[in-house]
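All remarks here apply to the structure that follows.
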Amino acid sequence: MPSKPFFERLDPRVRIIWMFLLSALTLHFMEPLPLLLVVLSIIPVWLLARRFLMLVSKVTPKAIAFMLFLAVTQSISQLIMTHTVNPNVLAIQMERVYVMVTASVLLFQTTNYSQITAAIRSLKPRNPESKLAPFIESAAFTVGIAFQMIPTILTEIATMAQVRRARGEAITEGKALERAKKSLRLGMPLVNRMIDVIKNINLALTNYAYSNRRRRTQFRIIRFSLMDYAALLVVFAAALAFLFV
Amino acid sequence: MSTPEEIFRLNALSYQYDQTNSPALRDVNCHIQAGEAVGIIGESGGGKTTALNLLSGIIPHMVQDGKYEGEALFRGASIQHLSIYDLMRHVKIVFQDASTQNFGLNVDDALAFGMENIALSPKEIEYRIKKIADELNITHLRAKNTQQLSGGERQRVAIASALAMDPEVLLLDEAISALDTGGQMDVRQIVEQQRASGKTMVLVDSDVRWLAKTVDRVLVLQSGQLIYDGPPQVIFQRADLAEAAGLENHSGEIQFREPFTGSPVVQLSHISFAYSKDTPVLKDISLNITAGSCEALVGQNGSGKTTLAKIIAGLIKPSAGEVFINGQVPYNLTSPRLVENVGYVFQNPSQQFVDETVKEEFSHTASILKRPPAVSLKDFDLENYADSSPWDLSAGQQQRLAIASVVATNPSVVIFDEPTLGQTRRDREKLVATIKNLQQQGTTVVIISHDLKFIADAAQHVHVIDHGELRASGAAPEILQDKSLFNHLGLPLPW
């Protein structure tokens, strides 16, 4: 089995901190040129994550298309508001979006939701009586269940469309607009079905004695290694370098 | 010798769901002692699931819209007044639908979830995961994503998750019937092990004969009333109990149906299907289905049977290959034209319902086609439920409504996806009669099922799907007696 890339071997909290720091830096800089340096700083991380080719071939075209769309809408917006288009402002906005989109894609490509929830749970105070603990537990659980629900919702939508077709209703037939209008018919049944799913999940959670207010242990404990501390140091050093150099 | 501790006691317990005309359970008195294995049997709609929900505390703590009379006690304390969390620390229930019972990215996470909630140490969790995975033969699944598990695998993981918490009482609500025969054998072995180890268990299962061999005592429910509480052997000796339990006349000999000859109504040529490049579901399947025959698609959980049936039904487009039904490509047909050619009865009938009342649901597709239904609700014993909500019907009644609403448009091919799930023996016998009746009217029937006894009773031709490939195809008597084939598939023949 091939070994995991260096970036994936890092504690998920390091990757999350990296993404947040990068996003914060993009918001800090108000000039296109320093922002370009931040953009370029993502490239070595892509390489460390062995995602360079994938991101260049798949994400970048999508990101470029999205940015073009954003550029057009922003230009129109600027024209309406100020009767002129400022290329500097546009460039800053594009760079910010690019950094945030690619950094989040890289984070979610290399970090599964189990690691994200473990990272959130690791923020719990050691004192089990702490009032903060239920909030952190709720946040971690919400993230986990949201990720788990996405495939469930997609499967439900597909099944409902199949059911309607099998019952003689032409939900997936006709032109795009017609299909979109017909698909609205799935809205209420989908909501009803989701309510059922949520009820079942609630039942199962009770069955497994889950409560965000009770002490629970963690099977997967994440701990910082020396490598993680070193990586964190590099991330902060780079951030400071951007800020002051 | 000390008397075993009493775990549950029901005193004159009745329960009626809102918006129903009669109680789901009425005036039930019984008790269950520590270490006992008790089976609850009866027709669909008889109150079995309601009884389990009352024992687990789901009623009245989670389901509150109903009238509760009498009392249910857990170790002498009223279940109504106990905290549901305190009760659930001791009692675990495994439901028939495992799709929402596993929490976590992969199987290890799902198994650990309940143990984390009762604050076991990571070391203890690791130990128990290994032990239960070995015992339930799911070690190979431990790293697998829970979203990629087949229905049977999900059920095994759900049972393992419950057992890993080491509950004092385990309640199984038709938790085995969704599994293929190999999976059923694995889980039944576990149930027998747990039984031998003295765990208190209450089981609802449609296989009354297995249940009778496994449990110490059976409770027979009929229309919500407890009509028998005693040793299981008695139900085979008393005609009224055998009738209430939905027990078939067991001659011990399988009567296979004669093969059927004729021209093909469905033609599949080199059909392949994949959700993505890495996950092929069907590989190069070619087969014909004879007009007017009853043919079965058989295979393990996750073998691709349902996908193949949905391709025949025009609900999924194959990735490669050609499919024709009555000489037309089903996927290209408009929905009204499609339902004239093929009807599909979904695995979970409640997913199929789109209307508020039984009568509207029944005539839904026929009204789209602007024609009167070809059958009546009376033909399916549903005339008294015409104004009820389809979702309020029992599993057996829902199944009958789903079939009635599909058959109402008189399609030339009807596909039944796992129609025996959650059904009693008598429901199955009715289903076999319905299938034969449909055939007499010239309808072709395709069944997807892992219930080999049901297939032997209903099908004339059998197509065996093994991990997405067509492994064998032929007349039912020939295929269903090929022990080496079925052993190879991990689906041992029950005869």
Side-chain angles (χ1 to χ4, degrees), chain A residues 112-118 121 128 141 144-145 147-152 154-156 158-174 182 185-186 189 192-193 196-221, chain B residues 56-58 61-62 84-85 88-89 92-95 97 99-106 108-109 112-122 125-126 129 146-147 158 161-162 165 310 313-316 334-336 338-339 342-344 346 350-354 364-365 368-369 405-406 409:
Chain A
N112 63 48
Y113 74 79
S114 174
Q115 291 173 313
I116 295 174
T117 54
R121 284 196 172 107
F141 183 76
I145 207 76
F147 275 100
Q148 207 168 332
M149 285 287 281
I150 292 166
T152 308
L154 295 177
T155 308
E156 285 297 332
T159 306
M160 280 182 175
Q162 286 175 0
V163 163
R164 294 288 172 146
R165 180 162 158 78
R167 302 300 306 277
E169 287 184 55
I171 295 283
T172 52
E173 293 153 29
K182 286 175 187 168
R185 275 188 242 162
L186 297 181
N192 287 334
R193 180 66 191 144
D196 278 347
V197 169
I198 289 165
K199 276 185 190 169
N200 290 339
I201 287 175
N202 196 21
L203 263 180
L205 286 176
T206 310
N207 197 25
Y208 288 127
Y210 177 78
S211 165
N212 66 348
R213 299 194 170 273
R214 291 176 183 231
R215 192 177 89 82
R216 68 191 298 279
T217 48
Q218 255 187 279
F219 171 52
R220 292 190 194 285
I221 298 170
Chain B
S56 64
I58 289 172
H61 293 285
M62 311 284 291
I84 184 80
Y85 290 103
M88 286 294 189
R89 285 183 84 91
K92 289 280 158 280
I93 182 164
V94 180
F95 305 97
D97 177 10
S99 62
T100 52
Q101 290 185 69
N102 297 318
F103 295 94
L105 177 72
N106 55 39
D108 263 6
D109 290 342
F113 182 73
M115 292 185 278
E116 290 175 327
N117 296 337
I118 54 172
L120 295 184
S121 70
I125 293 175
E126 174 73 50
I129 287 177
T146 49
Q147 298 290 340
S161 302
M165 293 173 79
K310 284 186 174 174
L315 304 177
I316 295 178
T334 61
S335 301
L338 182 72
V339 293
V342 57
Y344 195 98
F346 282 75
S350 66
Q351 277 188 326
Q352 180 174 326
F353 300 145
V354 292
H364 181 91
T365 311
I368 289 172
L369 299 181
S405 54
V406 165
T409 59

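Since the model is a prediction, treat every value here as computed from it, not as a measurement. Every chain is numbered from 1 and lettered A, B, ... according to where its sequence line falls, protein lines coming before strand lines.
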When Thr152(A), Val197(A), Asn202(A) are compared by non-hydrogen pairs under 4.5 Å with chain B, the top option =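 Option with the top pair count is Asn202(A).
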Residue among Gly144(A), Ala209(A), Ala161(A) with most heavy-atom pairs under 4.5 Å to chain B =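 Of the options given, most contacts go to Ala209(A).
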Do you know which two heavy atoms are closest between Thr100(B) and Ala204(A), and how far apart they sit?
->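 Heavy-atom minimum between the residues: O-CB, 3.5 Å.
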Closest non-hydrogen atom pair, Val339(B) against Ala166(A) =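 Of all heavy-atom pairs spanning Val339(B) and Ala166(A), the closest is CG1-O, 3.1 Å.
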[X] side chain to [Y] main-chain N or O, any donor-acceptor pair under 3.5 Å?
X: Gln147(B); Y: Gln148(A); result: yes
X: Gln101(B); Y: Asn200(A); result: no
X: Gln218(A); Y: Glu116(B); result: no

Supply the atom-to-atom distance [X] [atom1] to [Y] [atom2], rounded to the nearest 0.5 angstrom.
X: Met115(B); Y: Tyr208(A); atom1: CE; atom2: OH; result: 10.5 Å
X: Arg216(A); Y: Leu120(B); atom1: CZ; atom2: CG; result: 11.0 Å
X: Gln352(B); Y: Arg167(A); atom1: CD; atom2: CZ; result: 5.5 Å
X: Ile118(B); Y: Arg215(A); atom1: CD1; atom2: CZ; result: 11.5 Å
X: Asn112(A); Y: Leu105(B); atom1: CG; atom2: CG; result: 4.5 Å
X: Arg164(A); Y: Thr365(B); atom1: CZ; atom2: OG1; result: 10.5 Å

Determine whether [X] and [Y] make a side-chain contact, defined as any pair of heavy atoms from C-beta on separated by less than 4.5 Å.
X: Ser335(B); Y: Glu169(A); answer: no
X: Phe113(B); Y: Leu205(A); answer: yes
X: Tyr85(B); Y: Arg214(A); answer: yes
X: Pro122(B); Y: Ile221(A); answer: yes

From CA spacing to verdict: side-chain contact (heavy atoms from CB on, under 4.5 Å), Phe95(B), Leu203(A) = CA-CA 10 Å; Phe95(B) 305 97; Leu203(A) 263 180; 4.3 Å; yes
Quick one: what part of Arg165(A) sits under 4.5 Å from any heavy atom of chain B, side chain, backbone, both or neither?
->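 Contact with chain B is through both the backbone and side chain of Arg165(A).
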Of the backbone (N, CA, C, O) and the side chain (C-beta and beyond), which part of Arg220(A) lies under 4.5 Å from a heavy atom of chain B, both, or neither?
->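 The answer is both parts of Arg220(A).
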List the steps, then state whether side-chain contact (heavy atoms from CB on, under 4.5 Å) holds for Phe103(B) with Ile145(A).
-> CA-CA 8 Å; Phe103(B) 295 94; Ile145(A) 207 76; 3.7 Å; yes
Just give me the residue among Ile84(B), Ile316(B), Ile93(B) that pairs up with chain A most often, heavy atom to heavy atom, under 4.5 Å.
->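 Result: the option with the highest number of such pairs is Ile93(B).
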For chain A, the option from Asp108(B), Leu338(B), Thr146(B) that forms the most heavy-atom pairs under 4.5 Å |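 Heavy-atom pairs under 4.5 Å are most numerous for Leu338(B).
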